[in-house]
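Counting convention: from 1, in listed order, for ligands and their atoms alike.
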Amino acid sequence: MTAGEFDSWGRIDRRARQAVSPDGYENMRENAPPGAFLPFGNGRSYGDSCHNDQGRLIDSRMRTRILGFDPGTGIVSCDAGVTLHSILETAIPHRFFLPVTPGTAAATVAGAVANDVHGKNHHTRGTFGKHVRRLTLLRSSGGLLTCSPTENRDLFYATIGGMGLTGLILSVDLQLMKVPSAHIQQHAIRFDSLDEYFGMVEAVDGEHEYSVAWIDQLATGKRAGRGILLAGDHADASCEFPDMPRATKLSVPFSPPFNLLNTVTLKTFNEFYFRKEKRGETVTTVKWPGYFHPLDAIGHWNRLYGPKGLYQHQSVYPADNAPELTARLLETARTAGHASFLTVLKKFGEQKSGGLLSFPRPGFTLTLDFANQGEQTLKLLNVLDAMVVEAGGAINPYKDARMSPQTFDSSFSQWRKLEELRDPAMVSNFWKRTALALPK
Ligand SMILES: Cc1cc2nc3c(=O)[nH]c(=O)nc-3n(C[C@H](O)[C@H](O)[C@H](O)COP(=O)(O)OP(=O)(O)OC[C@H]3O[C@@H](n4cnc5c(N)ncnc54)[C@H](O)[C@@H]3O)c2cc1C
């Protein structure tokens with residue numbers, strides 16, 4: 001396979017990778033040597049959790065059928081490689097929507113299960129896995145298993161958030177959510193400081209289905225931590241359903257020789273983005289793709305980071321010291337000379353994820369994107385990890401390409417249970433670098 005075909009979104013390690021189809025894997029699985037395979041979705045994970053460079057990837061995108069949709073119950077049944085966009089295409093005409101929507105609709109349904117992804121409504125609906133009614137799982141030995149909260153329960157909860165390590169998901173039954181409209185009534189609330197954000201987020205979350213804040217990570221002094229809180233609810237039924245968006249029109253055709261998202265360009269962008277919202281609160285109705293997946297409108301936008309790619313750092317930490325820790329994380333990155341294009345802050349709700357290795361937990365989650373500047377960036381990321389771990393927090397594994405085994409261990413106390421249930425034929429670069437480097 002050519003380099004680039006199985007990249008992850010961060011584009012840090014771009015090598016040619018070997019892959020087989022799900023059919024090919026079905027024929028080979030019984031004689032599979034340990035660690036010979038790993039399922040691959042659509043490469044929207046940022047680091048090495050979707051790669052297995054000593055083995056072969058199983059390309060889920062070769063099976064993309066919607067197997068059934070019941071407009072009465074809102075349960076959709078589909079192949080593992082179906083994208084979230086395809087599910088929305090099926091569901092929206094019947095006034096159903098995904099109950100949990102990550103920031104890209106290009107993820108596959110199996111990828112969303114395997115990472116137990118979260119959306120802007122974690123405080124109201126929890127994670128993606130909570131809405132999975134059933135899945136079918138092919139292990140390297142034994143037959144096809146049906147897993148659900150009542151059948152093969154342990155494997156079900158290990159597979160949700162299990163990062164592809166428990167076997168190949170072949171199909172998923174997902175409960176969708178009835179909505180009056182797919183459009184969103186958006187409340188954009190501009191805030192001038194982190195104190196202002198922390199002072200209002202609880203009340204705003206209590207009133208709205210969705211809520212997420214963009215932060216100007218480069219603002220300093222009194223303006224440090226300023227940003228825009230984007231809350232929203234599905235609009236009422238009188239709001240016409242939009243035509244489905246046409247295929248992406250804009251695309252970054254190639255990677256420029258250097259990073260275009262640097263401190264200078266981002267300072268200008270942040271100033272513009274902040275000022276485009278009026279002071280106070282602005283209520284508008286926006287089309288759902290613009291609210292949920294604004295970056296999907298620009299194909300290959302990750303190429304803007306240049307040939308060395310990007311690291312994403314997503315952390316979660318308890319609410320107690322969140323205002324102080326958030327300020328320190330932002331300041332540490334800024335003073336280290338790293339500008340983050342997408343700086344996002346969200347309060348996770350109390351709903352516990354069922355998955356053994358699910359990332360969300362009560363507290364605040366901060367996401368930072370950095371262009372890869374080599375050693376300097378790695379050093380910064382280690383400092384940020386240490387601050388989060390010291391506060392009792394965790395680092396997101398499917399956004400990661402470099403955390404230490406110790407950081408992983410502190411972040412995920414249940415990883416040994418997943419290791420017990422791992423399909424021996426499956427392993428990832430991430431799992432080798434973290435879990436398998438720790439004492440059993
Ligand atoms: C712009 C952007 C915004 C994002 N926003 C969010 C967000 O808001 N919230 C969030 O949680 N995440 C977010 N993400 C991350 C993304 O949603 C997840 O990484 C998602 O899981 C990627 O799915 P994928 O289909 O591309 O799978 P991949 O990245 O290819 O793989 C993900 C995992 O799924 C496993 N897998 C894939 N197929 C199968 C299968 N058939 N059986 C078993 N395991 C399988 C792989 O082994 C791997 O461990 C975002 C990513 C991008 C690029």
Side-chain angles (χ1 to χ4, degrees), residues 5-11 17 19 21-22 25 37-52 55 57-64 78-86 98 100-122 127-129 135-139 147 155 158-172 210 212 292-302 310 312 314 316 341-342 344 346 348 353 355 357-360 365 367 369 396-400 418 422-423 426-431:
E5 207 173 337
F6 291 95
D7 281 352
S8 64
W9 199 247
R11 301 173 84 244
R17 295 187 161 96
S21 65
Y25 174 70
F37 291 97
L38 183 74
F40 185 85
N42 206 12
R44 261 49 182 187
S45 299
Y46 279 73
D48 57 356
S49 64
C50 57
H51 288 151
N52 176 7
L57 299 173
I58 310 165
D59 192 350
S60 299
R61 295 170 294 191
M62 296 177 125
R63 287 191 186 167
T64 56
C78 54
D79 280 339
V82 164
T83 62
L84 300 185
H85 188 269
S86 297
L98 288 166
V100 170
T101 314
T104 177
T108 62
V109 68
V113 173
N115 282 339
D116 197 14
V117 298
H118 55 272
K120 298 174 173 64
N121 59 351
H122 184 272
T127 57
F128 197 88
L135 54 85
T136 55
L137 186 71
L138 188 64
R139 307 250 307 166
C147 303
L155 264 179
T159 301
I160 290 174
M163 296 196 289
L165 299 167
T166 58
L168 180 68
I169 301 171
L170 290 185
S171 68
V172 176
Y210 302 104
V212 70
F292 292 102
H293 315 121
L295 288 165
D296 283 357
I298 306 168
H300 302 290
W301 60 264
N302 52 346
L310 76 145
Q312 185 165 101
Q314 182 176 13
V316 57
F341 169 45
L342 286 177
V344 174
K346 156 129 200 85
F348 279 147
S353 305
L357 238 70
S358 296
F359 168 70
T365 179
T367 307
D369 272 356
N396 188 332
Y398 55 91
K399 306 285 182 80
D400 177 70
L418 178 59
R422 179 165 68 88
D423 183 327
M426 306 293 179
V427 83
S428 62
N429 293 358
F430 175 87
W431 200 249

- Trace of the side-chain hydrogen bond (donor to acceptor under 3.5 Å, both in side chains) decision for Asn42 with Thr108: CA-CA 6 Å; Asn42 206 12; Thr108 62; over 6 Å; no
- Query: Under 30°, 30 to 60°, or over 60°: which ring-plane class applies to His118 and Tyr398, parallel, tilted or perpendicular?
  - Reply: tilted
- Message: Is any side-chain heavy atom of Val344 closer than 4.5 Å to one of Val212?
- Response: yes
- Task: Could you point out which residue of Asp369, Asp400, Thr365 forms a side-chain hydrogen bond (donor to acceptor under 3.5 Å, both in side chains) with Gln314?
- Result: Thr365
- Task: Report yes or no: do Ser428 and Ser49 form a side-chain donor-acceptor pair below 3.5 Å?
- Result: no
- Give me the ring orientation class for Tyr25 and Phe37: parallel if the planes are under 30° apart, tilted from 30 to 60°, perpendicular past 60°. perpendicular
Quick one: ligand 1 N/O to protein N/O pairs below 3.5 Å?
from: ligand 1; atom 1: 5 (N); to: Gly103; atom 2: N; distance (Å): 3.0
from: ligand 1; atom 1: 8 (O); to: Gly103; atom 2: N; distance (Å): 3.0
from: ligand 1; atom 1: 9 (N); to: His118; atom 2: O; distance (Å): 2.8
from: ligand 1; atom 1: 11 (O); to: His118; atom 2: N; distance (Å): 3.0
from: ligand 1; atom 1: 11 (O); to: His118; atom 2: ND1; distance (Å): 3.2
from: ligand 1; atom 1: 11 (O); to: Tyr398; atom 2: OH; distance (Å): 2.7
from: ligand 1; atom 1: 19 (O); to: Ser45; atom 2: OG; distance (Å): 3.1
from: ligand 1; atom 1: 19 (O); to: Asn115; atom 2: ND2; distance (Å): 3.3
from: ligand 1; atom 1: 21 (O); to: Gly111; atom 2: O; distance (Å): 2.8
from: ligand 1; atom 1: 21 (O); to: Asn115; atom 2: ND2; distance (Å): 2.9
from: ligand 1; atom 1: 25 (O); to: Asn42; atom 2: N; distance (Å): 3.1
from: ligand 1; atom 1: 25 (O); to: Thr108; atom 2: N; distance (Å): 2.7
from: ligand 1; atom 1: 25 (O); to: Thr108; atom 2: OG1; distance (Å): 2.6
from: ligand 1; atom 1: 26 (O); to: Asn42; atom 2: N; distance (Å): 3.0
from: ligand 1; atom 1: 26 (O); to: Gly43; atom 2: N; distance (Å): 3.1
from: ligand 1; atom 1: 26 (O); to: Arg44; atom 2: N; distance (Å): 2.8
from: ligand 1; atom 1: 29 (O); to: Arg44; atom 2: N; distance (Å): 3.3
from: ligand 1; atom 1: 29 (O); to: Ser45; atom 2: N; distance (Å): 2.9
from: ligand 1; atom 1: 29 (O); to: Ser45; atom 2: OG; distance (Å): 2.6
from: ligand 1; atom 1: 30 (O); to: Gly41; atom 2: N; distance (Å): 2.8
from: ligand 1; atom 1: 30 (O); to: Asn42; atom 2: N; distance (Å): 3.2
from: ligand 1; atom 1: 30 (O); to: Gly43; atom 2: N; distance (Å): 2.9
from: ligand 1; atom 1: 38 (N); to: Ser60; atom 2: OG; distance (Å): 3.2
from: ligand 1; atom 1: 41 (N); to: Ser60; atom 2: OG; distance (Å): 3.0
from: ligand 1; atom 1: 41 (N); to: Ile169; atom 2: O; distance (Å): 3.1
from: ligand 1; atom 1: 42 (N); to: Ile169; atom 2: N; distance (Å): 2.8
from: ligand 1; atom 1: 47 (O); to: Pro39; atom 2: O; distance (Å): 2.6
from: ligand 1; atom 1: 49 (O); to: Ser49; atom 2: O; distance (Å): 3.3
from: ligand 1; atom 1: 49 (O); to: Met163; atom 2: O; distance (Å): 2.9

